[in-house]
Amino acid sequence: MTTAIRPLPRSARRSNWMVITKQELVDLWLSSKGLSVLFGFTSLLAILAYLASADAGINLLDARESVGVVVQTAIGLGTLSALVVSADAISGERERGTLEALLVTPVARLDIVAGKLLAATTMWLAALLVALPFVAVMADGPGVAFDAVAVLVVAGTLVAAALTALGLAVSSLAMSNRVSLAASIALLLLLATPSQLPAVKANGALGPLLIQANPVSAGLQLATNVLVKQEAWADQWAYLISPIVAAVGLTAIAIALSSRLELGGSR
Amino acid sequence: MIRHLFFALGLGCALLAPLGQGAAAATPLAETISISVDPANVDVVLGENFDLTVTVSNDGTEPTPALVVHLDITDPEQTTSVDPEDWTPTLSQTIGPVGAGESITVSWNLQPISPGSFATYAVALSPGVDTIAASNVLQVNVSDQRTLNPGGILPVSLAAPSIVGVLLLMQMRFARKIRKSEASPLG
């Protein structure tokens, strides 16, 4: 007598990614991993915000510029935190030897990746929550609180979504955590550095295009344009295109790579 | 031979004469130009802007060559290194030639970025002329003024890392307790 193996009901399949997400959230926030990263982020942001406020207080830095600096740093460090967490998602499991146990469960690879992606994104959300009081206090003086929070939420979230997906994609391909982290951070530097070069900034035609095409630099430039240069939001659409495309595209790539997850030891 | 000597001497004088005329004709700028900085003394708080004016007067009978007025800032006691470009983005201003008996005034807005006592002065120079005219010294006294809680950020800067740090410590303590209870034979 054979026992027919019935496929999982849709409701069970739909909740698999939720189970993975919940497990990843527990692993991230109830272990010291998430809070350690968040503590580092908070400490750095606190020091920078204090120094920027001190300089603004004696007019060595314009108040708007100080808010711009803090918002850009919050976006940069916050998205870096999310990238570090997502870069550990798959390759970390491989190194710890727990990926095999996860892959032999009836959970689809897509659900595994989706759950890890959502959990890693909470790193950015936590960084955003921590950054909000700093930005609110500093932006109150020059009257840019709404713009500062909007930049943080809109540009920061798009850049974070893109980088989180990037980290997860790299993690899916890397056989070890070391390689995954190094490759993710190298990619982030490749994305962030060129637009900071004076030659690029000074180039009249190519400079702005390069900055707009790069999701990280586009997000940071958006902060400068709105907060420091006081440009209208309606004029910033060009700086939102690449973060949106990167967020959607890299997420699709990360999900597509989920089908390549296979059993195998770390190298 | 004496004829050759006189010829060489005459040729040398003919060749060198224009140089002598040029040297004699170039009047040192300091002899015809007076340059002054006003005010003579400034007391400001760190970060506070102040204005200074530089007046260049032609006391001679001929127009001056095209002039450039350059500002410099130094710390005579050398307790602080000063980069004048930190105080003002434009150190040199071109004022062109100044007519005989005329004066031209230019101004700067400066913002000290470090406390201390500084000497500020201006010089007038002209491209191709190897002398300058220097002004009096403006004594700038910059006092330090900093607040412990700029913009009300101190409570946030202290509280945010503290709260996250306390949460982290609590979590680590909780995890240690769990590990101990799991390791205990009584479970």
Side-chain angles (χ1 to χ4, degrees), chain A residues 26-67 69-70 73-74 77-78 81 123 126-145, chain B residues 43-51 73 80 82-89 109-116 140-182:
Chain A
V26 166
D27 187 43
L28 180 63
W29 294 109
L30 294 187
S31 72
S32 57
K33 187 162 62 175
L35 282 174
S36 300
V37 173
L38 192 64
F39 179 69
F41 168 81
T42 310
S43 303
L44 282 171
L45 195 65
I47 293 170
L48 181 76
Y50 185 81
L51 291 175
S53 293
D55 280 348
I58 55 173
N59 292 324
L60 291 187
L61 196 64
D62 182 68
R64 284 173 171 269
E65 282 179 331
S66 68
V67 174
V69 164
V70 170
T73 305
L77 289 180
S81 304
M123 192 72 239
L128 178 63
L129 273 174
V130 164
L132 282 176
F134 289 100
V135 169
V137 168
M138 292 182 71
D140 190 43
V144 292
Chain B
D43 294 307
V44 290
V45 173
L46 182 64
E48 183 184 338
N49 291 57
F50 68 94
D51 293 317
I73 305 159
T80 314
V82 182
D83 184 353
E85 286 180 335
D86 290 337
W87 288 41
T88 178
N109 181 267
L110 284 79
Q111 183 188 46
I113 64 158
S114 51
V140 182
N141 301 307
V142 184
S143 54
D144 203 352
Q145 185 185 50
R146 292 184 185 265
T147 173
L148 199 59
N149 183 18
I153 198 66
L154 184 63
V156 181
S157 292
L158 290 176
S162 302
I163 290 171
V164 177
V166 164
L167 286 174
L168 179 60
L169 284 172
M170 284 170 59
Q171 190 282 323
M172 287 166 74
R173 205 171 162 186
F174 180 70
R176 204 178 302 133
K177 262 189 193 172
I178 298 287
R179 279 199 298 272
K180 268 187 186 170
S181 66
E182 283 174 355

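Quick note on labels: first sequence line is chain A, next is B, and so on, each numbered from 1.
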Between Y50(A) and S157(B), what is the shortest heavy-atom contact and its length? CB-OG, 3.9 Å

Residue part contacting chain A, namely of A160(B), when any heavy atom lies under 4.5 Å: both

Interatomic distance, CG@L167(B) vs CH2@W29(A), rounded to 0.5 Å, equals 10.0 Å

Flag the one option from V164(B), L154(B), I163(B) with the top tally of heavy-atom pairs under 4.5 Å to chain A. V164(B)

Hey, could you give me the OG/CG distance between S32(A) and L168(B), rounded to the nearest 0.5 Å? 6.5 Å

Using non-hydrogen atoms only, which part of L30(A) is less than 4.5 Å away from chain B: side chain, backbone, both, or neither? backbone

Measuring from I153(B):CD1 to D140(A):CG, what's the distance to the nearest 0.5 Å? 10.5 Å

